[in-house]
Novice: 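One structure is given below, represented as structure tokens, and several questions about it will come after.
Here is how names work: the chains are called A, B, and so on, in the same order as the sequence lines, proteins then strands, and each is numbered from 1. What you see is a predicted model; the values in this text were computed from it and never measured.
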Amino acid sequence: MTEHPAGGHAGAADGHPGRVRVRFAPSPSGDLHVGNIRTALYDWAFARHTGGTFVLRIEDTDQTRVTPEYIDSALDTLRWLGLDWDEGPGVGGTYGPYLQSERLGRYAEWAQRFLETGHAYYCYCTQEELAERRAAARASGGPSGYDGHCRDLTAEQVAAYQAEGRKPAVRFRMPSGSTTFSDLVLGEVTVDNAHVPDFVLVRADGSPLYTLAVAVDDVLMKITHVVRGQDLLSSTPRQIAVYRAMGVAEDEFPAFAHLPYVLGKDGQRLSKRNGVVSVNWYRHEGFLPEAICNYLALLGWSPGENRESFTLAEMAAEFDLARVSKNPAQFDAAKLEAINGDKIRALDRGDFATRITPFLQRAGLVADPVSEEEARLIEAGAPLIQERISRLTEAVGMLGFLFTGEADFAVDPGDAAKVLTPDAAPVLKAAEAALADVTPWKWEAIKEALHLALVEGLGLKPRQAFAPVRVAVTGRRVSPPLYESIELLGRERTLARLARALSASA
RNA sequence: GGCCCCGUCGUCUAGCGGCCCAGGACGCCGCCCUCUCAAGGCGGUAGCGCCGGUUCAAAUCCGGUCGGGGCUACCA
């Protein structure tokens with residue numbers, strides 16, 4: 001595997017002569033979900049693979065749903081994942097601004113031109129009237145889109161509506177015929193325009209809609225490839241119609257690639273109800289960005305040859321839209337977690353220690369910034385748990401015993417009830433005696449002493465012998481390896497905990 | 001209802017006419033290792049939706065059918 005994220009196949013994918021320009025254009029009305037990120041990842045990988053430009057544009061024309069907080073959060077999430085953009089919020093670029101809310105004038109201008117050229121018309125229908133006619137059309141079995149009511153209003157009709165005080169929306173006049181485009185993932189797609197109703201470009205309040213803004217911006221920003229979710233497939237004929245109305249030459253149209261859906265656990269569309277979909281949630285839960293990217297990459301794309309593990313750079317080097325699946329994929333959190341465990345184990349020791357530190361801090365186990373002693377314990381404890389956890393948050397439970405003072409230390413009640421029974425008293429007593437004068441205080445010597453006292457001395461099976469000691473010292477039945485844990489804890493604290501457990505179990 | 005897209009193990013996928021009585025991964029089950037839990041090793045479970053057609057030969061091509069999803073908004 002080569003390490004060249006940028007491949008230099010500029011424009012090769014489908015005959016576009018110029019440099020590739022791909023955009024990711026989210027409309028952040030909440031946390032970015034795994035489906036959004038999968039799209040962003042493919043957009044990014046395609047741009048990097050072709051040596052093109054990755055443009056980030058925020059589609060915030062619906063300001064009731066998209067807030068500045070969500071936008072900031074989206075940018076933060078993308079940065080965290082390592083999906084860097086070449087043009088967009090924060091980095092600028094020659095085709096900005098990159099927030100649609102700052103480009104309103106351009107949309108208004110084009111809407112006005114469409115009105116003048118007859119590509120668009122004013123529609124005075126009210127929402128109630130539309131809903132009523134839609135229901136009627138559907139009941140009679142016909143297409144349920146806009147019926148063209150205001151397409152060819154007479155001057156008198158317009159005057160009458162205006163006299164009523166109606167505020168018109170601007171509607172696009174969809175031409176007859178059909179629209180065919182070659183989708184880089186799906187192949188050739190043809191749609192009869194009769195099934196594409198005249199759509200609204202500008203709301204009655206003057207604000208532009210997606211259908212107008214997306215087409216205008218893709219043209220103005222010189223986008224060559226529109227790689228997006230399949231939910232937008234049916235809007236493609238409309239988008240193409242707007243290009244034509246704008247006077248864009250056919251061979252200047254961007255190429256389209258519609259990615260298959262990412263579905264929830266139940267095979268239904270992603271939502272809060274069928275599994276956790278917020279990428280920020282996974283981040284908070286201790287998932288690595290490299291694991292999220294690797295897993296999401298696999299949802300609809302595969303490098304072939306049974307390879308499943310790769311870095312972002314490797315993905316960029318190999319990514320190819322032709323290998324993108326047409327099938328929808330179900331999001332499987334269990335596999336994500338398995339990959340997360342792999343990525344955690346692949347981290348080098350120092351990196352792993354660095355990554356778990358914020359989680360220990362958040363749990364209040366260590367200070368921020370960490371003290372010298374805490375840093376020493378983290379560094380020494382990290383290797384003990386690195387291959388035992390699949391989420392960084394698990395470090396809290398595994399290493400908590402090291403960072404808890406003797407006054408606050410408490411054994412898990414459930415584990416205590418199961419293990420620290422009266423039967424355990426002799427074991428704890430023997431362990432206490434054996435550890436009292438072990439030298440040196442190293443895990444090898446500790447191991448030897450405990451074996452001598454418990455396995456040979458008391459004739460216990462290792463399993464039975466070490467369970468009470470483990471619970472007494474670490475507070476849980478599941479812990480890092482015992483001898484190493486004891487060494488790290490130190491003689492004084494270990495003996496104190498054994499004594500305390502002894503008095504509790506007696 | 002109309003239109004569009006899709007259909008290989010439970011899930012993600014490899015496969016693009018013979019290499020496939022279908023390979024990998026996650027999950028699940030068993031065994032080994034073992035101070036717990038993991039990790040690791042070994043083995044197992046399970047699939048080409050269905051019906052026709054083309055072909056010497058089909059998971060791979062074609063048609064139909066059934067099933068799933070999406071769109072049908074003054075959301076994106």
Novice: Between A:Ser73 (side chain only) and A:Glu69 (backbone N and O only), is there a donor and an acceptor less than 3.5 Å apart?
Specialist: no
Novice: Taking donor-acceptor contacts at under 3.5 Å, does the side chain of A:Arg323 reach the base of B:rU13?
Specialist: no
Novice: Mind checking A:Gly341 for me? I need base, sugar-phosphate or nothing, with any heavy atom below 4.0 Å counting as a touch.
Specialist: nothing
Novice: Which is true for A:Tyr483 with a 4.0 Å heavy-atom rule: it touches a base, it touches only sugar-phosphate, or it touches nothing?
Specialist: base
Novice: Once rounded to the nearest 0.5 Å, what's the spacing between atom NE2 of A:His195 and atom OG of A:Ser178?
Specialist: 10.5 Å
Novice: Quick one: A:Lys335 NZ to B:rC26 P, roughly how many Å, whole number?
Specialist: 7 Å
Novice: For B:rG1, which nucleotide in any strand shown is its Watson-Crick or wobble partner with both distances under 3.5 Å?
Specialist: B:rU72
Novice: Please measure how far the C1' atom in B:rU13 lies from the corresponding atom in B:rC6, and state the result in whole Å.
Specialist: 15 Å
Novice: Roughly how many Å is it from CD in A:Glu188 to P in B:rC5, rounded to a whole number?
Specialist: 11 Å
Novice: To the nearest angstrom, how far is A:Phe172 atom CZ from B:rA73 atom P?
Specialist: 17 Å
Novice: Suppose you measure atom C1' in B:rG18 against the same atom in B:rA57; what distance do you get, rounded to whole Å?
Specialist: 6 Å
Novice: Is B:rG7 paired to anything, Watson-Crick or G-U wobble with both distances less than 3.5 Å, and if yes, which nucleotide?
Specialist: B:rC66
Novice: Counting heavy atoms from C-beta on, name the nucleotide in B:rC75, B:rU36, B:rC74 closest to the side chain of A:Arg388.
Specialist: B:rU36
Novice: Which is true for A:Leu482 with a 4.0 Å heavy-atom rule: it touches a base, it touches only sugar-phosphate, or it touches nothing?
Specialist: base
Novice: For the side chain of A:Val189, counting heavy atoms from C-beta on, which of B:rC74, B:rC5, B:rG2 is nearest?
Specialist: B:rC5
Novice: If we take the C1' atom in both B:rU11 and B:rG27, what is their distance in whole Å?
Specialist: 8 Å
Novice: Give me the distance, rounded to whole Å, that separates B:rG30 from B:rG49 when you measure between the C1' atoms they each carry.
Specialist: 32 Å
Novice: State which of B:rG10, B:rA76, B:rC35 makes the closest approach to the side chain of A:Ser235.
Specialist: B:rA76
Novice: Would you say A:Leu232 and A:Val226 make side-chain contact, with heavy atoms under 4.5 Å?
Specialist: no
Novice: Output the single nucleotide from B:rC74, B:rA39, B:rU13 whose closest atom is nearest the side chain of A:Glu387.
Specialist: B:rA39
Novice: When all nucleic acid strands are considered with a 4.0 Å heavy-atom cut-off, which category describes A:Ala204: base, sugar-phosphate, or nothing?
Specialist: base
Novice: Parallel, tilted or perpendicular: which one describes the rings of A:Phe319 and A:Trp301, with boundaries at 30° and 60°?
Specialist: tilted
Novice: In whole Å, measure the gap between the P atoms of B:rG40 and B:rG7 for me.
Specialist: 33 Å
Novice: Applying a 4.0 Å non-hydrogen cut-off, can you work out what A:Thr61 is touching in the nucleic acid: base, sugar-phosphate, or nothing?
Specialist: sugar-phosphate
Novice: Any Lys/Arg nitrogen of A:Glu59 or A:Arg103 sitting under 4.0 Å from an Asp/Glu carboxylate oxygen of the other?
Specialist: no
Novice: With both distances kept under 3.5 Å, what pairs with B:rC61, Watson-Crick or G-U wobble?
Specialist: B:rG53
Novice: At 4.0 Å (heavy atoms only), tell me whether A:Ile385 reaches a base, stays on the sugar-phosphate, or touches nothing.
Specialist: nothing
Novice: Check this for me: does any side-chain nitrogen of one of A:Glu484 and A:Lys442 sit under 4.0 Å from a carboxylate oxygen of the other?
Specialist: no
Novice: Between B:rC74, B:rC35, B:rA76, which one does the side chain of A:Pro462 approach most closely?
Specialist: B:rC35
Novice: My understanding is that a pair needs two contacts under 3.5 Å, Watson-Crick or G-U wobble. By that rule, which nucleotide pairs with B:rC35?
Specialist: none
Novice: With a 3.5 Å cut-off and heavy atoms only, can you find an N or O donor on one side and an acceptor on the other between the side chain of A:Arg463 and the base of B:rC35?
Specialist: no
Novice: Roughly how many Å is it from CZ in A:Phe401 to C1' in B:rC35, rounded to a whole number?
Specialist: 14 Å
Novice: Looking at A:Asp62 and A:Arg65, does any basic side-chain N land under 4.0 Å from a carboxylate oxygen?
Specialist: yes
Novice: Counting side-chain heavy atoms from C-beta on, which of B:rC26, B:rA25, B:rA76 comes nearest to A:Glu308?
Specialist: B:rA25
Novice: Taking the P atom in each of B:rA14 and B:rA39, what is the distance between them to the nearest angstrom?
Specialist: 26 Å
Novice: Return the nucleotide paired to B:rC28: Watson-Crick means purine N1 to pyrimidine N3 with N6-O4 or O6-N4, wobble means G-U with N1-O2 and O6-N3, both under 3.5 Å.
Specialist: B:rG44
Novice: What is the distance, to the nearest angstrom, from the CZ atom on A:Arg307 to the P atom on B:rG23?
Specialist: 21 Å
Novice: Under 4.0 Å, counting only non-hydrogen atoms across every strand here, what does A:Gly145 touch: a base, just sugar-phosphate, or nothing?
Specialist: sugar-phosphate
Novice: Please determine whether a side-chain nitrogen of the Lys or Arg among A:Arg307 and A:Glu318 lies less than 4.0 Å from a carboxylate oxygen of the Asp or Glu.
Specialist: yes
Novice: So, does the side chain of A:Gln230 form a donor-acceptor pair with the base of B:rG70 at under 3.5 Å?
Specialist: no
Novice: Taking any heavy-atom pair under 4.0 Å as a contact, classify A:Arg134: base, sugar-phosphate, or nothing.
Specialist: sugar-phosphate
Novice: Heavy atoms only, 4.0 Å cut-off, all strands: where does A:Tyr261 land among base, sugar-phosphate and nothing?
Specialist: sugar-phosphate
Novice: Can you tell me, in whole Å, how much space there is between the P of B:rC51 and that of B:rC56?
Specialist: 23 Å
Novice: At under 4.0 Å between heavy atoms, what does A:Cys125 touch on the DNA or RNA strands: base, sugar-phosphate, or nothing?
Specialist: base
Novice: Hey, which of these two, A:Thr211 or A:Ala334, hits RNA chain B nearer its 5' end, going by closest nucleotide?
Specialist: A:Ala334
Novice: Determine the Euclidean distance between corresponding P atoms of B:rG17 and B:rC61; express it in Å to zero decimal places.
Specialist: 8 Å
Novice: Within the modelled atom types, does a donor on one side and an acceptor on the other bring the side chain of A:Asn327 and the base of B:rG7 under 3.5 Å apart?
Specialist: no
Novice: When all nucleic acid strands are considered with a 4.0 Å heavy-atom cut-off, which category describes A:Ser479: base, sugar-phosphate, or nothing?
Specialist: base
Novice: Rounded to whole Å, how long is the line connecting atom CD of A:Glu305 with atom P of B:rC19?
Specialist: 20 Å
Novice: To the closest 0.5 Å, what do you measure between CG (A:Leu336) and NZ (A:Lys343)?
Specialist: 11.5 Å
Novice: For A:Ser234 and for A:Ala329, find the nucleotide of RNA chain B with the closest heavy atom, then tell me which residue's nucleotide is more 5'.
Specialist: A:Ala329
Novice: Below the 4.0 Å mark, does B:rC5 have OP1 or OP2 next to a side-chain nitrogen or oxygen of A:Lys326?
Specialist: no
Novice: If I take atom OH in residue A:Tyr210 and atom C1' in nucleotide B:rC74, what distance separates them, rounded to the nearest angstrom?
Specialist: 17 Å
Novice: Taking CD from A:Glu128 and C1' from B:rA73, how many angstroms apart are they, rounded to a whole number?
Specialist: 13 Å
